[in-house]
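The structure appears below as structure tokens.
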Protein chains: 2
Amino acid sequence: MPNRVGLKDIAKALNVSVTTVSRALNNKFDISKDTRDKILKKAEELNYRPNAHAISLRKNEYYAIGVILPSIDHYFFSTVLKGIMNKAHMANYLVIIGESSHDLVKEQEIIEKFIAHCVSGVIISPSNKSSYGNNLALLKSKRIPYILVDRPLEDSKNERIVRFDDEYGAFLAVDHLIKQGYRKIAMIKGFDYCTISNARFKGYKKALENNGLSLNPDFVKHCGFIDESGEGYHLSKQMLTSMNRPDAFFTVTDEIASGIYQTVNELGMKIPNEVGIVGYSNSKISSVISPRLTSVEQPGMLMGEQAFDFLQQTIIDNSSTLERTFEARLVVRASSLRNHIQTSTVTKENNYGVSV
Amino acid sequence: MPNRVGLKDIAKALNVSVTTVSRALNNKFDISKDTRDKILKKAEELNYRPNAHAISLRKNEYYAIGVILPSIDHYFFSTVLKGIMNKAHMANYLVIIGESSHDLVKEQEIIEKFIAHCVSGVIISPSNKSSYGNNLALLKSKRIPYILVDRPLEDSKNERIVRFDDEYGAFLAVDHLIKQGYRKIAMIKGFDYCTISNARFKGYKKALENNGLSLNPDFVKHCGFIDESGEGYHLSKQMLTSMNRPDAFFTVTDEIASGIYQTVNELGMKIPNEVGIVGYSNSKISSVISPRLTSVEQPGMLMGEQAFDFLQQTIIDNSSTLERTFEARLVVRASSLRNHIQTSTVTKENNYGVSV
DNA sequence: ATTTATTTCGTAAACGTTTAAGTAGATTTT
DNA sequence: AAAATCTACTTAAACGTTTACGAAATAAAT
């Protein structure tokens with residue numbers, strides 16, 4: 001059993017009332033310097049710590065937020081969480097966390113638990129799966145504010161959301177490949193029900209269109225496990241060994257891109273000369289793989305920080321904009337640089353690449 | 001303002017006492033089927049959810065644990081957290097999280113906050129920095145159980161801890177390199193105050209000794225930012241361009257190892273023929289980099305799950321072993337396989353490598 | 001000396017629960 | 001018919017706080 005000491009213990013030890021002790025510790029009015037010092041000393045001596053639950057009950061306010069992410073060992077989400085925690089710690093908020101694993105039922109259970117534990121707000125990156133409006137309905141009916149991160153809902157206007165310009169990021173990536181002289185650009189995307197994957201596909205199409213290229217359906221492949229390299233390997237092998245093979249790949253994650261590296265190596269081809277590659281997320285992999293991978297940067301930490309700011313503002317006075325979209329930025333590295341002129345720029349900048 | 005409804009609201013609506021409502025919802029004795037159904041229906045209708053804080057106050061028990069990690073965007077720690085959350089969710093515990101950033105003051109603040117919020121236990125992977133016995137002292141005085149993960153204390157016997165056999169992992173790695181014919185094996189390690197880095201160094205020495213090789217101090221380098229490739233690049237370049245150059249590297253992280261890849265590529269050398277490399281942690285990088293990196297696997301998720309089990313047992317009845325050490329396992333990949341006989345085994349196994 | 005103000009403390013209620021104890025009324029036992 | 005038991009409910013206290021209100025003691029003003 002833990003060993004808690006409350007106001008009552010201090011009061012009893014000093015023969016004063018609980019009220020007096022409370023006032024002393026909270027630096028309130030109506031108290032003499034003598035008794036206050038006496039009480040502070042005794043509190044220190046007994047190792048007193050206030051009970052946040054009692055305070056929550058009495059004051060009807062609780063400085064805690066809940067965070068729901070599909071998976072915390074995913075690099076992007078872990079950086080989002082980091083951003084949230086940075087701000088939360090400074091603002092003295094407690095961070096409670098749950099992992100939905102893209103499971104709607106689990107997501108719901110977590111929300112239920114958060115409500116029971118009186119969070120004053122929720123930051124959620126919803127599961128890929130379709131209609132989860134229901135999961136948020138409970139929060140809405142309880143008037144507990146929530147902020148969406150990264151993944152918009154289908155029907156959701158009037159939702160507070162911190163998002164990333166997935167479409168434009170894809171556009172930048174593909175446009176860059178085209179400018180580098182690639183003409184037959186394949187895309188490996190995720191499932192069709194994944195909104196962000198579709199947004200990136202849209203950017204891909206727009207870049208082709210903008211540059212007068214037509215879309216070849218054979219060059220668009222779907223992929224289930226986008227966080228592993230396996231399908232990237234197989235799909236690219238299939239494409240690169242076919243009659244009409246692409247000269248570049250745009251993938252929805254860096255992991256898929258790394259699978260393509262393997263194919264290219266096995267086939268004895270060369271990146272970026274024969275095959276150009278651009279990934280997505282600018283994860284650790286991209287700056288460590290060889291040649292370094294051009295990738296669309298997603299500022300997870302900034303997005304997390306912004307989400308917390310939104311939430312805090314909403315909690316305090318329901319002010320806060322409805323939406324903030326983070327601009328995409330392409331980090332250009334060797335994997336897509338056919339004309340070697342710019343390679344010097346790459347090292348010059350910061351050894352990680354130069355932004356466009 | 002959130003929109004809470006309590007037992008009182010249900011009681012008032014049905015003209016019964018709060019006690020009756022409580023008993024109905026908790027399936028207690030002393031209640032007729034009629035009134036119980038009536039109450040359940042009304043609770044549903046009003047969207048009632050119990051207030052965990054009130055229950056915590058009254059019952060003096062709270063199903064929540066605190067987790068403190070140095071950094072959540074570090075892959076190993078994020079998998080530890082994942083393991084903890086898996087188990088915690090099943091056991092219906094709330095998970096509160098704090099990131100210490102290797103900052104002792106912040107670590108202390110987080111512990112203080114956890115205590116205030118009545119966690120019934122803490123899982124902590126302590127900061128690298130030296131004497132943090134003090135930070136844990138408060139938990140001890142409050143009799144709040146805690147479990148250490150991964151990083152042992154200097155003085156700590158009688159601490160509950162889930163650890164990894166860092167020394168043996170290093171031994172496996174270096175012994176493997178020697179068996180592959182490498183003789184001049186360098187190590188890039190972390191700071192001297194980092195206990196796990198030292199344990200790995202010990203394993204390195206033992207493997208050399210066991211195989212009748214002597215330690216060359218010029219082949220041992222220290223590194224500050226072990227989670228980035230930069231120093232790995234510079235230190236290895238310095239060593240590989242010197243008169244007496246190593247023929248293999250053992251590094252304390254995969255990130256450092258990836259820096260060596262860059263050096264080797266720049267110098268036009270070949271992995272694994274001219275330079276063998278083994279990393280540590282078996283992070284995502286190791287199976288994505290080319291050639292694939294041999295690395296010591298750390299089962300973060302299992303360690304997290306074990307930590308939760310330890311904690312839960314300790315909370316319940318103070319049973320639970322004091323310590324569990326996870327055995328090191330070496331995942332052998334191309335970066336250290338000089339005799340190509342075994343390369344076939346690598347692909348055969350699982351495309352990721354074969355364990356030793 | 002009486003009134004008025006000021007300082008410093010205590011009393012009691014409240015937050016949302018649970019639970020020990022008490023109490024009617026109905027039912028059973030003697 | 002009285003006594004005992006059972007059923008289904010209520011009252012009240014408690015958990016650890018905060019806070020409106022009241023009150024005693026001292027100081028200041030009349």
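Treat the numbers as computed from the prediction; the structure is a model and nothing was measured. So that the names make sense, note that chain A is the first sequence line, chain B the second, and so on, each numbered from 1.
B:F308 and B:H89 have their aromatic ring centers separated by at least 6.0 angstrom. No close placement of the A:F164 and A:F326 rings is indicated, their centers lying 6.0 Å or farther apart.
In this structure A:K87 satisfies the salt bridge (charged side-chain N to carboxylate O under 4.0 Å, His left out) test together with A:D309, sequence neighbours excluded.
Ring pair A:H53/B:H53 is parallel by interplanar angle, where below 30° counts as parallel and above 60° as perpendicular.
Remark: B:K8 is not in phosphate contact with C:dT17, judged by side-chain N or O atoms under 4.0 Å from OP1 or OP2.
Across the protein-nucleic acid pair, A:K142 atom NZ and C:dG16 atom C1' stand 13 Å apart, rounded to whole Å. Between the OH atom of B:Y62 and the C1' atom of C:dG16 there is a distance of 14 Å, given to the nearest Å. Here C:dG16 presents its P atom at 17 Å from NE2 of A:H117, a figure rounded to the nearest Å. Going from atom CG of A:N26 over to atom P of D:dG16 covers 17 Å, rounded to whole Å. In this structure, A:E61 atom CD and C:dA14 atom C1' are separated by 15 Å, rounded to whole Å. Atom CG of A:L57 is separated from atom C1' of C:dA14 by 10 Å (rounded to the nearest Å). Atom-to-atom, CG of B:N51 to P of D:dC15 comes out at 18 Å; the value is rounded to the nearest Å. Put simply, NZ on A:K28 is 15 Å from C1' on C:dC9, counting in whole angstrom units.
Screening A:I68, A:I84, A:I72 for a side-chain contact (heavy atoms from CB on, under 4.5 Å) with A:I97, the sole residue that qualifies is A:I72.
Note on B:Y48: only backbone sugar-phosphate atoms sit closer than 4.0 angstrom, heavy atoms only; bases stay farther off.
One side chain, A:S319 or A:D317, offers a donor N or O that lies under 3.5 Å from an acceptor on the other.
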Between the protein and nucleotides 9-11 of chain D, list the N/O to N/O atom pairs that are separated by less than 3.5 angstrom.
residue: D:dC9; atom: OP2; partner: B:S32; partner atom: N; Å: 3.0
residue: D:dC9; atom: OP2; partner: B:S32; partner atom: OG; Å: 3.2
residue: D:dC9; atom: OP2; partner: B:T35; partner atom: OG1; Å: 2.8
residue: D:dC9; atom: N4; partner: B:D30; partner atom: OD2; Å: 2.7
residue: D:dT10; atom: OP1; partner: B:S17; partner atom: N; Å: 3.1
residue: D:dT10; atom: OP2; partner: B:S17; partner atom: N; Å: 2.9
residue: D:dT10; atom: OP2; partner: B:S17; partner atom: OG; Å: 2.8
residue: D:dT10; atom: OP2; partner: B:T20; partner atom: OG1; Å: 2.4
residue: D:dT10; atom: O4; partner: B:R23; partner atom: NH2; Å: 2.6
residue: D:dT11; atom: O4; partner: B:T19; partner atom: OG1; Å: 2.9

